[in-house]
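In the text below, chain A, chain B and the rest are named by the order of the sequence lines, each starting its count at 1. Just so you know, these numbers come straight off a predicted model, no measurement behind them.
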Amino acid sequence: MTDSVPENTPVAPEGFVEPAAYDPRAVERKWRERWADRASNRADIDGASRPYYALMMFPYPSAEGLHVGNLFAFTGNDIFARFQRLQGLDVFQPMGFDAFGIHSENYALKVGVHPMELIPANIANFTRQLQRAGLMIDWSRTVDTTHPSYYKWTQWVFLQLLKRGLAFKKKAAVNWCPNDKTVLANEQVENGRCERCGALVEQRLLEQWFFRITDYAERLLNNLDGLDWSKTTTTAQRAWIGKSEGAQIRFRVLNPLEDAGSAAVHVTSEVATGSREIRVFTTRPDTIFGATYVVLAPEHPLLDAITSFEQRDEVSAYRTQASKQDLIARKTNKEKTGVFTGSYAVNPATGELIPVWTADYVLMEYGTGAIMAVPGHDERDFEFATKFALPIERVVIGGGDTARTPLQAAFVDDGDGRLCNSEQFNGLLVGEAKLQITEWLARKHAAESVVNYRLHDWCISRQRYWGPPIPVIYCDACGTVPVPEKDLPVLLPNIQDFKPDDSGVSPLARHEEWSRVPCPACGAAARRETDVSDTFLDSGWYFLRYPSVGRDDVPFDSTITQKWLPVSSYIGGNEHAVLHLLYSRFLTMVLHDAGHVGFDEPFTKFRAHGMIIREGAKMSKSKGNVVNPDEYFESWGADTFRTYLMFLGPFEEGGDFRDGGISGVKSFLNRLWISVRDSTTSGEPDREVLRKLHQTIRKVGEDIPKLSYNTAIAAMMECLNTVRRGERQAHRAEVLPLVQLVSPFAPHIAEELWEMLGHQTSIFEAGWPPYDVSLASQETVTIAVQVGGKTRGTVSVPPGAVESDVMAAAMADPAIAKFMVGTPKKIIFVPKRLLNVVL
RNA sequence: GCGAGAGUGGCGGAACUGGCAGACGCGCAGGACUUAGGAUCCUGUGGGGCAACCCGUCCGGGUUCGACUCCCGGCUUUCGCACCA
């Protein structure tokens with residue numbers, strides 16, 4: 001390791017007493033122990049008068065131990081939390097472990113150790129590392145999602161949703177990961193691959209438990225406006241919810257057998273009735289006159305019924321082929337394919353017969369699974385129509401085109417385009433036409449305005465072992481029966497053969513001794529649900545549990561919850577923008593509506609931190625560039641490591657970890673140590689140093705709430721440089737507040753120096769140092785003097801100096817005066833900033 | 001393709017609301033103290049001239065007395081979504 005030579009070698013000459021050198025290991029050990037003895041990180045949950053709940057996203061306790069990314073986030077939160085405490089607030093900063101889930105289970109399978117043994121060991125290791133980092137965590141209230149005392153209430157949350165009809169079981173095409181052998185939520189599929197293991201995700205038709213998050217789509221979207229969140233996060237949530245407004249339009253299908261002879265007949269715009277009707281969703285109802293064909297997704301339930309006898313084989317072959325495709329092939333291969341069904345539908349606007357096709361570029365999961373194709377004004381339809389020689393018609397003009405200008409490509413602009421070839425709607429702006437045409441079709445009962453969301457219901461069943469069993473019992477007589485709340489938790493049995501298989505059911509299903517139970521309603525023989533729930537259900541409510549840890553009779557105490565929640569500030573990674581953060585909001589809304597909590601948003605303030613990379617590249621095990629915190633704690637100390645992480649770059653943007661840079665921070669703390677150790681109480685503090693000090697107190701106090709930690713640290717370094725200029729001895733009053741400023745960043749050394757300065761109690765009891773406004777404001781200001789916009793020099797004047805004062809000062813400086821030739825045409829004066837003389 | 005960011009010395013990064021570009025740190029060069037220095041301190045460090053000055057914040061235009069900052073066009077890059085109708 002880099003800094004491995006002991007601090008005090010070689011031995012000093014005899015008789016010479018070396019003053020105490022900064023030894024981070026000793027200092028940090030001492031304060032770790034003292035904090036633990038004094039229980040100084042514990043929040044007074046019941047008695048607090050100014051509660052402040054500073055939350056960080058709890059980690060998954062991996063076997064590898066704490067990742068620097070975790071530490072970066074936690075340190076950033078800790079600084080913020082300690083700062084709030086120094087402001088006099090009762091800060092509660094808890095920590096927990098998100099230990100259920102595929103990750104742990106896969107690791108357990110790999111190393112051949114049961115997760116019930118593995119997880120406690122990992123948690124112990126994490127706890128040790130987190131304590132080594134000096135985080136102000138209240139270790140008396142931790143959460144472990146795999147402990148029955150926690151997942152009992154996770155199951156309770158499930159039952160609340162079930163009670164309200166928000167949890168339901170349905171057979172649906174779901175994402176199946178063939179490697180992890182379980183279904184995945186939509187949010188866990190990235191580019192058609194499992195976000196966990198990267199395997200190509202397949203579609204399977206399985207019966208699964210879902211949460212009706214789509215019922216809350218509008219609220220999840222609207223509430224975003226009132227949240228103080230990182231913009232990147234709200235933007236991602238808006239995109240994920242994906243609201244689009246448009247129309248649902250009905251196309252009557254002619255029966256391919258009964259109406260075979262009438263295909264040539266021009267059908268006038270009669271009301272389309274009967275069951276043979278295709279509903280499409282479109283955001284462009286204005287282009288209805290250009291709809292020249294209709295497309296159904298290959299999975300569309302109507303497809304069989306409308307396919308003509310002649311086309312039956314071809315359609316069913318296409319359908320089979322489409323179902324075999326994995327998601328990634330279907331979504332990335334943009335080459336259009338499809339087949340004609342042999343049927344025709346009536347365009348409700350024109351009354352013309354248009355062919356019905358099936359093609360896999362239409363997705364069953366979005367909208368109605370069917371579209372009206374307008375090749376003239378949609379790129380995908382254009383491509384398809386070109387390939388299959390279907391008619392392309394222009395119904396919108398813009399940019400100098402006329403109604404007859406041929407379309408070389410789809411014209412999709414809906415800004416200032418106007419309609420053409422659309423009968424009475426010709427000439428209307430697209431926006432106006434959308435409204436009028438929808439209304440016109442609605443009068444003919446062929447359309448209605450609808451809002452569509454991209455958001456899907458949340459699939460929460462997992463065919464795995466390592467999770468909370470879904471608390472439901474199936475009885476032949478009573479059907480699906482919820483496990484009574486008094487019978488919770490449904491304990492996860494300790495089984496040895498927990499390896500998942502390809503059967504589509506959980507390994508728990510192999511254990512009848514567990515799954516066979518009497519029906520809670522009628523007592524007849526029944527069986528348990530054998531799926532477990534998604535990890536994101538565990539983490540979807542953990543913030544409610546922390547303050548109430550210890551209460552076994554309720555998931556969260558209502559008085560405590562009312563006092564401490566919603567969470568005051570939340571810091572975490574943006575990788576959870578559409579997972580954890582969306583699910584937590586949803587569950588909170590449900591619990592609010594059920595009367596369990598008095599708020600419907602869990603996190604009023606959220607900040608996404610940036611990512612730490614190393615020497616320009618992402619850290620990964622395969623690259624071998626992973627930073628092991630233990631090594632850095634050991635060779636540099638936690639204070640230096642923490643401060644360095646915060647100094648790397650802006651907290652919300654992350655930074656580049658370079659080993660070289662850490663020495664600067666170590667040197668800063670070391671010099672602070674020396675300055676305090678050697679400080680004196682005799683004489684008067686230097687006025688210029690005091691000015692700098694008070695400016696720094698102001699600056700750091702402004703930067704920390706903005707999470708601008710890197711600039712706060714820079715300001716403290718600058719201040720210390722002023723204090724120590726030329727190896728001068730510092731006056732105690734010059735360094736004491738500086739120690740206080742450093743304390744949120746480097747708490748151990750700050751406590752030690754505070755004690756060296758004669759204090760008996762913790763520095764965190766002392767509050768934040770106030771600054772003297774007159775000292776913090778500048779005595780003189782430097783004003784830039786420009787001639788014709790070019791800076792020619794600077795002058796030093798009192799802050800109150802007016803234009804004439806500055807002008808006089810400028811003329812007194814020959815280096816500036818020599819540029820002032822002739823009469824000024826114009827003089828711009830900005831007080832405290834600059835003087836610009838235009839000649 | 002759509003959406004949201006970002007582009008500043010050898011490097012990480014500063015710069016309020018349009019007002020001295022490069023704070024702070026690393027690295028580098030030189031020096032002091034010292035048995036020693038990997039401690040501490042001092043000096044220098046965007047480029048060109050080595051002086052007066054000139055040129056410099058991705059590129060090209062524009063607004064302005066004045067632009068890293070605002071506007072228009074383009075390039076590069078990170079992240080999110082992506083056949084979403």
Holding to side chain to side chain contact (heavy atoms under 4.5 Å, CB included), I want the full list of residues that pass it with [X], two or more places apart in sequence or in another chain.
{"X": "A:R614", "value": "A:M619, A:N625, A:V627, A:Y632, A:F657, A:D659"}
{"X": "A:A410", "value": "A:E379, A:F382, A:V412"}
{"X": "A:N710", "value": "A:P650, A:S708"}
{"X": "A:K387", "value": "A:E335"}

Rounded to whole angstrom, note down the [atom1] distance from [N] over to [M].
{"N": "B:U17", "M": "B:C68", "atom1": "C1'", "value": "15 Å"}
{"N": "B:G73", "M": "B:A29", "atom1": "P", "value": "48 Å"}
{"N": "B:C81", "M": "B:G74", "atom1": "P", "value": "26 Å"}
{"N": "B:C55", "M": "B:A67", "atom1": "P", "value": "13 Å"}
{"N": "B:C24", "M": "B:G9", "atom1": "C1'", "value": "14 Å"}
{"N": "B:C41", "M": "B:C59", "atom1": "P", "value": "38 Å"}
{"N": "B:C20", "M": "B:C72", "atom1": "C1'", "value": "29 Å"}
{"N": "B:G1", "M": "B:G12", "atom1": "P", "value": "29 Å"}

Please list, in numerical order, the residues of residues 288-296 of chain A that have a heavy atom closer than 4.0 Å to any atom of RNA chain B.
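Contacts with RNA chain B under 4.0 Å: none.
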Check every strand shown and say whether [X] touches a base, only sugar-phosphate, or nothing at a heavy-atom separation below 4.0 Å.
{"X": "A:K231", "answer": "sugar-phosphate"}
{"X": "A:R454", "answer": "base"}
{"X": "A:R792", "answer": "sugar-phosphate"}
{"X": "A:R238", "answer": "nothing"}

Would you say a side-chain N or O of [X] is under 4.0 Å from OP1 or OP2 of [N]?
{"X": "A:N452", "N": "B:A85", "answer": "no"}
{"X": "A:R724", "N": "B:C41", "answer": "yes"}
{"X": "A:K826", "N": "B:C65", "answer": "yes"}

Separation of [X] atom [atom1] from [N] atom [atom2], in whole Å?
{"X": "A:R677", "N": "B:U40", "atom1": "CZ", "atom2": "P", "value": "11 Å"}
{"X": "A:H609", "N": "B:G5", "atom1": "NE2", "atom2": "P", "value": "20 Å"}
{"X": "A:M611", "N": "B:G80", "atom1": "CE", "atom2": "C1'", "value": "13 Å"}
{"X": "A:K243", "N": "B:A85", "atom1": "NZ", "atom2": "C1'", "value": "18 Å"}
{"X": "A:R725", "N": "B:U40", "atom1": "CZ", "atom2": "P", "value": "18 Å"}
{"X": "A:W240", "N": "B:A4", "atom1": "CH2", "atom2": "P", "value": "19 Å"}
{"X": "A:L672", "N": "B:U40", "atom1": "CG", "atom2": "C1'", "value": "15 Å"}
{"X": "A:H300", "N": "B:C83", "atom1": "NE2", "atom2": "C1'", "value": "17 Å"}

Set of residues satisfying salt bridge (charged side-chain N to carboxylate O under 4.0 Å, His left out) with respect to [X], sequence neighbours excluded:
{"X": "A:R691", "result": "A:E688, A:E779"}
{"X": "A:E575", "result": "none"}
{"X": "A:D703", "result": "A:K699, A:K706"}
{"X": "A:E653", "result": "none"}

Are there any protein N/O atoms within less than 3.5 Å of an N/O atom in nucleotides 17-20 of chain B, and if so, which ones and at what distance?
| unit_1 | atom_1 | unit_2 | atom_2 | d |
| --- | --- | --- | --- | --- |
| B:G19 | N2 | A:Q786 | OE1 | 3.3 |

Between the protein and nucleotides 22-27 of chain B, are there any N/O to N/O pairs under 3.5 Å, and if so, what are the atom names and distances?
| unit_1 | atom_1 | unit_2 | atom_2 | d |
| --- | --- | --- | --- | --- |
| B:A23 | O2' | A:E718 | OE1 | 3.0 |
| B:G25 | OP1 | A:N721 | ND2 | 3.1 |

Indicate, yes or no, whether a donor-acceptor pair under 3.5 Å links the base of B:C65 to the side chain of A:K825.
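Answer no: no donor N or O sits under 3.5 Å from an acceptor.
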Does the structure show a Watson-Crick or G-U wobble partner for [N], both distances under 3.5 Å? Name it, or say none.
{"N": "B:C28", "result": "B:G44"}
{"N": "B:C2", "result": "B:G80"}
{"N": "B:U35", "result": "none"}
{"N": "B:C70", "result": "B:G62"}

Please say whether more than 12 non-hydrogen atoms of neighbouring residues, nucleotides or ligands are located less than 6.0 Å from CZ in A:R725.
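No - once you tally the heavy atoms of other residues, nucleotides and ligands closer than 6.0 Å, there are 12 at most.
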Taking N or O atoms only and anything under 3.5 Å, show me the protein contacts with nucleotides 50-52 of chain B, one pair per line.
| unit_1 | atom_1 | unit_2 | atom_2 | d |
| --- | --- | --- | --- | --- |
| B:A52 | O3' | A:K818 | NZ | 3.2 |

Is the closest basic N to carboxylate O distance between A:R319 and A:E299 below 4.0 Å?
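Answer for the salt bridge query: no.
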[X] and [Y]: side chain donor to acceptor below 3.5 Å:
{"X": "A:R724", "Y": "A:S675", "answer": "yes"}
{"X": "A:T643", "Y": "A:Y709", "answer": "no"}
{"X": "A:S663", "Y": "A:Y644", "answer": "no"}

Begin with the C-alpha distance, continue with both residues' side-chain angles, and end with the deciding distance and a verdict on side chain to side chain contact (heavy atoms under 4.5 Å, CB included) for A:V830 and A:K832.
CA-CA 6 Å; A:V830 184; A:K832 297 185 198 179; over 6 Å; no
Toward the 5' end of RNA chain B, by each residue's nearest nucleotide, A:E379 or A:F281:
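First, find each residue's nearest nucleotide; the 5'-ward one identifies A:E379.
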When the nearest nucleotide of RNA chain B is assigned to A:V838 and to A:G649 on a heavy-atom basis, which residue is associated with the more 5' position?
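This one resolves to A:G649.
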Donor-acceptor under 3.5 Å (A:H456 side chain, A:E365 main chain):
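Confirmed, A:H456 side chain pairs with A:E365 backbone.
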Short side-chain to backbone donor-acceptor contact, A:R833 and A:A784, under 3.5 Å
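Such a contact is absent between A:R833 side chain and A:A784 backbone.
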Begin with the C-alpha distance, continue with both residues' side-chain angles, and end with the deciding distance and a verdict on side chain to side chain contact (heavy atoms under 4.5 Å, CB included) for A:I674 and A:L672.
CA-CA 5 Å; A:I674 293 169; A:L672 180 67; over 6 Å; no
Which nucleotide in B:G80, B:A39, B:C11 has an atom nearest any side-chain atom of A:A236
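Between B:G80, B:A39, B:C11, the one nearest the side chain of A:A236 would be B:G80.
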Is the base of B:G9 syn or anti, where syn means the angle lies within 90° of 0?
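Syn for B:G9; the angle stays within 90° of 0.
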